[in-house]
Amino acid sequence: MPELPEVETVKRTLELKLTGLTIDSVDIAMPKIIREPSPQEFGAQIKGRKITGLGRRGKYLLLYLSSDKVLIIHLRMTGRLIYAAPGEPLPRHTHVIFSLSNGNQLRFADMRQFGRIQLAPKQALNQVKGLKDLGPEPLEKDFTRNLLRRELKRKRVRLKTLLLDQTFIAGLGNIYADEALHRARLHPMRIANSLSPREIANLYHSIIEVLREGIQNRGTSFRDYVDGDGRKGNYQKLLRVYNREGLPCPHCGTTIARMKVSGRSSYFCPACQRKQ
DNA sequence: CGATTCCCCTGATAGC
DNA sequence: TGCTATCAGGGGAATC
């Protein structure tokens with residue numbers, strides 16, 4: 001599942017290749033992937049625009065285009081964005097193909113068809129649904145310990161639920177939320193406003209740590225994720241709790257458990273992460 | 001308004 | 001062996 005570190009890795013693998021190229025044409029095999037504008041309009045507007053740079057906000061990948069347009073891409077669960085030569089075999093579930101001025105292609109494939117692509121004017125970025133309500137970027141300066149403390153105090157929801165809430169913090173998904181909670185030794189069911197200052201500090205540093213490690217290891221390829229070159233990440237080898245039910249906790253050896261928290265699987269160590 | 005539930009979708013896996 | 005049921009989950013919409 002592409003979360004912040006995976007989207008950041010895709011961004012880094014693609015920006016060297018895409019920056020400076022022009023999009024000659026777009027082939028849309030599955031119209032519903034294009035959220036806005038209409039597929040015809042989308043194709044017309046994007047044609048001939050130059051890719052001036054790449055960006056990321058939360059789990060959204062941003063392709064900045066000439067004439068102040070931005071291509072907004074969300075991979076959701078199984079989306080893939082891959083740079084390839086036209087001669088390379090077209091994988092199943094390839095829904096959108098951007099033909100580039102150097103003869104190569106940028107391909108969007110998505111088995112479960114949850115991913116979305118949208119085109120918006122640059123100045124309207126902060127009005128785009130999903131983007132406009134995003135919380136702070138956890139690896140940027142605006143995410144401070146004080147901010148986390150202030151926001152936690154206001155909330156009576158479970159920690160796991162809160163970490164997955166993109167309006168609270170942008171970019172965490174199920175994998176890195178579980179890993180951050182384990183590292184901070186906090187139970188996923190703990191209520192947000194019950195944390196001590198020490199626990200808040202632990203959570204703060206843990207969130208930043210797991211995301212940085214994820215990026216350093218080129219993301220987690222638990223199932224479908226690959227980067228812009230189609231290569232898998234390495235962080236799945238270093239996960240301590242996620243998808244490790246029944247296996248020993250790397251810290252204490254206790255068997256890792258799994259429970260549902262607001263509809264999502266949560267993996268945790270019952271010894272390291274006590275409920276209290 | 002904030003919190004919760006449902007739904008989209010296909011492939012892997014469990015169960016019979 | 002082969003079929004069906006269940007699960008996985010990000011985020012938007014609907015509902016409480």
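Order of the sequence lines sets the chain letters (A, B, ...), proteins ahead of strands, with each chain counted from 1.
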Phosphate OP1/OP2 of B:dT4 contacted by A:Lys260 side-chain N/O (<4.0 Å): no

DNA chain C contacts made by residues 69-80 of chain A, counting heavy atoms under 4.0 Å: A:His74, A:Arg76, A:Met77

Determine, using the 4.5 Å side-chain heavy-atom cutoff (strictly less than), whether A:Leu62 and A:Val26 are members of one ILVMFWY cluster. no

A:Ile207 side chain reached by A:Ile169 side chain, heavy atoms, under 4.5 Å: yes

Just to be sure I understand the rule, does A:Arg154 reach a base, reach only the sugar-phosphate, or reach nothing, if contact means heavy atoms closer than 4.0 Å? nothing

Among C:dG10, C:dG9, C:dG12, which nucleotide has an atom closest to any side-chain atom of A:Arg112? C:dG9

Give me the distances for all protein-to-nucleotides 14-16 of chain C N/O pairs that come in under 3.5 Å?
none

Partners passing side chain to side chain contact (heavy atoms under 4.5 Å, CB included) against A:Ala177 (at least two apart in sequence or in another chain): A:Lys160, A:Leu163, A:Leu164

So, do A:Glu8 and A:Lys59 sit near enough that their side-chain heavy atoms are less than 4.5 Å apart? no

Mind running a 4.0 Å heavy-atom check of residues 113-135 of chain A against DNA chain B and sending the residues that fall below it, in number order? A:Gln113, A:Phe114

Per atom distances to the A:Met111 side chain, the nearest of C:dA8, C:dG12, B:dG11 is B:dG11

Got a sec, which pairs hit ring pair (Phe, Tyr, Trp, His ring centres under 6.0 Å) with one end in residues 127-174 of chain A, sequence neighbours left out? A:Phe143-A:Tyr204

Can you pull out every salt bridge (Lys or Arg N to Asp or Glu O under 4.0 Å) where at least one residue sits in residues 245-263 of chain A? Sequence neighbours excluded, please. A:Glu245-A:Arg258

Residues pairing under ring pair (Phe, Tyr, Trp, His ring centres under 6.0 Å) where one sits in residues 77-113 of chain A, two or more places apart or in two chains, turn out to be none

Side-chain N or O of A:Lys32 closer than 4.0 Å to phosphate OP1/OP2 of B:dC9: yes

By side chain to side chain contact (heavy atoms under 4.5 Å, CB included) - contacts of A:Ser221 (at least two apart): A:Tyr225, A:Lys232, A:Gln236

I'd like to check the side chain to side chain contact (heavy atoms under 4.5 Å, CB included) partners of A:Glu41; sequence neighbours left out, ordered by chain and number. A:Pro37, A:Ser38, A:Gln45

Which residues in residues 157-176 of chain A have a heavy atom closer than 4.0 Å to any atom of DNA chain C? A:Gln166, A:Asn174

Residues of residues 263-270 of chain A with a heavy atom under 4.0 Å from any atom of DNA chain C, listed by number, are A:Arg264, A:Ser265

List the steps, then state whether side chain to side chain contact (heavy atoms under 4.5 Å, CB included) holds for A:Tyr267 with A:Asn243. CA-CA 7 Å; A:Tyr267 300 89; A:Asn243 198 40; 3.8 Å; yes

Heavy-atom pair with the smallest gap, counting every atom of A:Lys153 and A:Leu195: NZ-O, 3.9 Å

Which residues in residues 225-248 of chain A have a heavy atom closer than 4.0 Å to any atom of DNA chain B? none

